[in-house]
Amino acid sequence: MTGRLVDVALPLPLFRAFTYAVPDGLRHAVMPGARVVVPFRNRTAMGIVLGESSGESLGAAEAKAIIDSPDEQPAFRPDLLAVGRWMADYYISPVGLVLRAALPAAMGRARRADPPLRTQRVLRLSQRLDSLMQRDALFRRAPQQRALYELLESLGGQSTVAHLVERLGCTASVVQGLVKRGVAEVAQEPVDRDPFLTRAAPPPAAVTFSDAQRRAIAALRRGAPGATFLLHGITGSGKTLVYIEFLRHVLHDRGQSAIVLVPEIALTPQTVDRFRAVFGDLVAVLHSGLSDGERYDAWRALQRGDKRIAIGARSAVFAPLANLGAIVVDEEHEATYKQGEAPRYHAREVAIVRAREAGAVVVLGSATPSLESWANAQSGKYTLLSLPARVGGGALPGVRIVDLRTETGQGAPAAVQALRRILSVPLEAALHDRLARGEQSLLLLNRRGFANFVTCPDGHVVTCPNCAISLTYHRAPERLICHYCQHAEPLGTTCRECGAERMNQRGIGTQQVERLLIERFPSARVARMDVDTTTGKWAHAEILDRVGSGEVDILLGTQMIAKGLDFPNVTLVGVIDADIGINLPDFRASERTFQLLSQVAGRAGRGPKGGEVFIQTRTPGHHAVVCAIEHDYLRFVGEELPARESPPYPPTLRLANVVISGLDELAVAACAQQAADWLAPRIETLGGDVTLVGPSPCPIERIKGRWRWHLVLKAVQSRPMTQLMRAFLTRFELPAAHDMRVTVDRDPVALL
Ligand code: ADP
Ligand code: ZN
């Protein structure tokens, strides 16, 4: 042993690294960023080398030796290792957990990644047993085989072995037994192919760039390493084409690589297709449908440089590309860029840090930039690029307000009023028009289920036993479901609180609108897209492909249908209820509503036939609604920014949301108060600008059986907040009882 010591980050919830000795045989492999297998508490663990250790904490004699270093190249290049360290510091997360989150799951295990699964075993019936007598005779002593036979029959005579075994909770020997009897046979079949590999990518049309596009592209090409640009362009103004042209330069002229982040890959197959059409085999699409093995393959191809563009959702920001020239963050305002669990990072902020470390240029694109990015562009931190018009002089669609307070047919029978609350006379007429002309319509209702909640005549609402939330009524299958914890129960006929025998459904969901559409437009082909219809792996792309090929007349959906879709035959967009979300107890409620309405309105009239938008609302004067109708982002920020100054909220300053949760309500409240008492004197002595709001119960007081209180910290400067939070997380002692937990969410996207 040479006596060389290194610090290793292990995936543990501890704010410290561990020191190990480097054996001679691994001298060259062990370098910063490399994966190493190390002994840890009587087992082995996979860690990442952070750097040489000063050895102060542990002498060479005491340090255990590294067992193995499995990779030829370090898993983390210097820029990514620096990003990981920054994230650990800023988001106050143990560095080992941050680094593990940045690697494909298969690389976190101490053994090598399994070879990717390419085929799967399926079981097929080879003989039908039609009569009961036959079955009784054959399976007399084998009830499990009989159950397997009958399950297979009910599944159409064929299914994967894995699925069958899981459904029945049986062992593989039952499968073998059935095969031995000659009733079924096992075969190898290819697993679902990655549809992004087989989707036909249309060749890009030759275009002449608009002046604004040309200016934006030129500015990006001149961008200094580490520079951030905000590309603000209304929907359909040609932002995607600007990204593509810039990446063409980065890849082909400079020989560099690039990352493209999209909010949710399942919702944006069209965007992905456009990059693949231009860059073909150089593109790796990192989507959630990949198996661990496929993800590992893609990761390796990026690391080797066989692929030079990574497209994916937020975690694609960690793609192991060398010589990174650009990072595009499309729809940069989207909340999905924020990770909901530790490490609670924002991919946009990580992209900016990574670009700084790698010397790349960042492009943040949006029709409705986040107020944070807008403020940064105003202060000169980012460079603003604008695409003020739709390409080809295309007009933005005209938007009409339908005031539901006056359009619901007052005085009419209750059934008519109920109908008009969903489908006003003007919107229904517009839908008729489109159907008659063979054009397509999109209808947005950002709430799934059939009815929002169920209540008795006295106003008792059926709530979730685990969460402080009302249950949503779903049909097909009929039940009440909690959208937070998935708790489900049958729809009762009496009120649990007062015994009343009539329960009323209140508030509409997509299932109800769908049923109404089918009744009102029996000949229309209606498709619904929400969480309930898209549980299948490729369900999103299938629905969107059907819309694209003209097999759908009316696409109804939640916010899923508002993103990125570019269908020229969609000439009508209807918003069933613009007010959902506008009054949420969150400082971003107006911003989210404005963004959603602007995005969905932008789906209309993207072809030569033009388009029209109807927004049904009870708050036609709200600035989020008014500015969306007028497609006026500048006016929206003009009204929203001052509202964020008092009381101050981002972008005026930064937030950290400290949530304390546990199983006992009073204990949680007491602990939150102790946390406040712990923080208050330290805020005093810190001398920064941190202020504390709370403690108070979270707007949703209980989720999944855990009571929740929070403290909100506000500060303009980042450093003091980091110091304070780090001290808090490492030194504040939680009571041992009631499964008490504390989380810190830096720059939260919502305070719910
Ligand atoms: P955005 O990303 O801003 O919504 P896109 O890049 O999708 O806009 O452009 C909208 C449509 O206009 C696309 O069909 C695109 O191919 C087309 N387009 C973009 N720029 C041009 C151009 N300069 N000339 C002709 N068509 C263009
Ligand atoms: Zn619940």
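Residue indices begin at 1 and follow the sequence shown. Just follow the structure's listing: the first ligand is 1, and inside any ligand the first atom is 1.
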Review point. Does any N/O atom on G233 come nearer than 3.5 Å to any N/O atom on ligand 1?
Key: no
Point to revise | Under the side chain to side chain contact (heavy atoms under 4.5 Å, CB included) test, residues paired with E497 that sit two or more places apart | key: H460, C495
Exercise for review: From the options H631, H333, H623, select the one residue that forms a ring pair (Phe, Tyr, Trp, His ring centres under 6.0 Å) with F636.
Suggested key: H623
Point to revise | Ligand-side contact atoms (ligand 1) for residue partner D566, heavy atom cut-off under 4.0 Å | key: 13 (C), 14 (O)
Check your understanding: If you measure from each non-hydrogen atom of V242 to ligand 1, which part falls under 4.0 Å: side chain, backbone, both or neither?
Key -> neither
Review point. Among protein atoms, how many N/O/S atoms lie less than 2.8 Å from the Zn ion (ligand 2)?
Key: 4
Review point. Quick one: salt bridge (charged side-chain N to carboxylate O under 4.0 Å, His left out) pairs with a partner in residues 229-247, sequence neighbours left out?
Key: E245-R248
Review point. If you look at every heavy atom in V362 and A351, which pair is closest and at what distance?
Key: CG2-O, 3.9 Å
Revision key, fill the gap. Contacts of S370 meeting side-chain hydrogen bond (donor to acceptor under 3.5 Å, both in side chains) (sequence neighbours excluded), chain-then-number -> E332, R348, S373
Check your understanding: Would you call R592 and D586 a salt bridge, using N to O less than 4.0 angstrom?
Key -> no
Point to revise | Minimum-distance pair of heavy atoms, taken over all atoms of A367 and H232 | key: O-NE2, 3.1 Å
Check your understanding: For K239 and ligand 1, does the shortest N/O to N/O distance drop below 3.5 Å?
Key -> yes
Check your understanding: Just checking, is any N or O donor in the side chain of T336 or E334 under 3.5 Å from an acceptor N or O on the other one?
Key -> no
**Study point:** Rounded distance (nearest 0.5 Å) linking atom CE of M529 with atom CG of L555
**Key:** 6.5 Å
**Study point:** Pair R434, T571: side-chain N/O donor-acceptor within cut-off below 3.5 Å
**Key:** yes
Exercise for review: State whether the side chain of R603 and the backbone N or O of A562 hold a donor-acceptor pair below 3.5 Å, judged by distance alone.
Suggested key: yes
Check your understanding: Considering only heavy atoms of I234, which atoms of ligand 1 have at least one such atom less than 4.0 Å away?
Key -> 3 (O)
Check your understanding: What atoms in ligand 1 come closer than 4.0 Å to a heavy atom of L241?
Key -> 6 (O), 19 (C), 20 (N), 21 (C)
Study note, to complete from the structure: In ligand 1, the atoms that come under 4.0 Å of a heavy atom of T208 are 22 (C), 23 (N), 24 (N)
Review point. Do any nitrogen or oxygen atoms of G238 come within less than 3.5 Å of a nitrogen or oxygen of ligand 1?
Key: yes
Exercise for review: Specify side chain, backbone, both or neither for R274, according to which of its non-hydrogen atoms lie closer than 4.0 Å to ligand 1.
Suggested key: side chain
Review point. Quick one: which ligand 1 atoms are inside 4.0 Å of a heavy atom on V207?
Key: 22 (C), 24 (N), 25 (C), 26 (N)
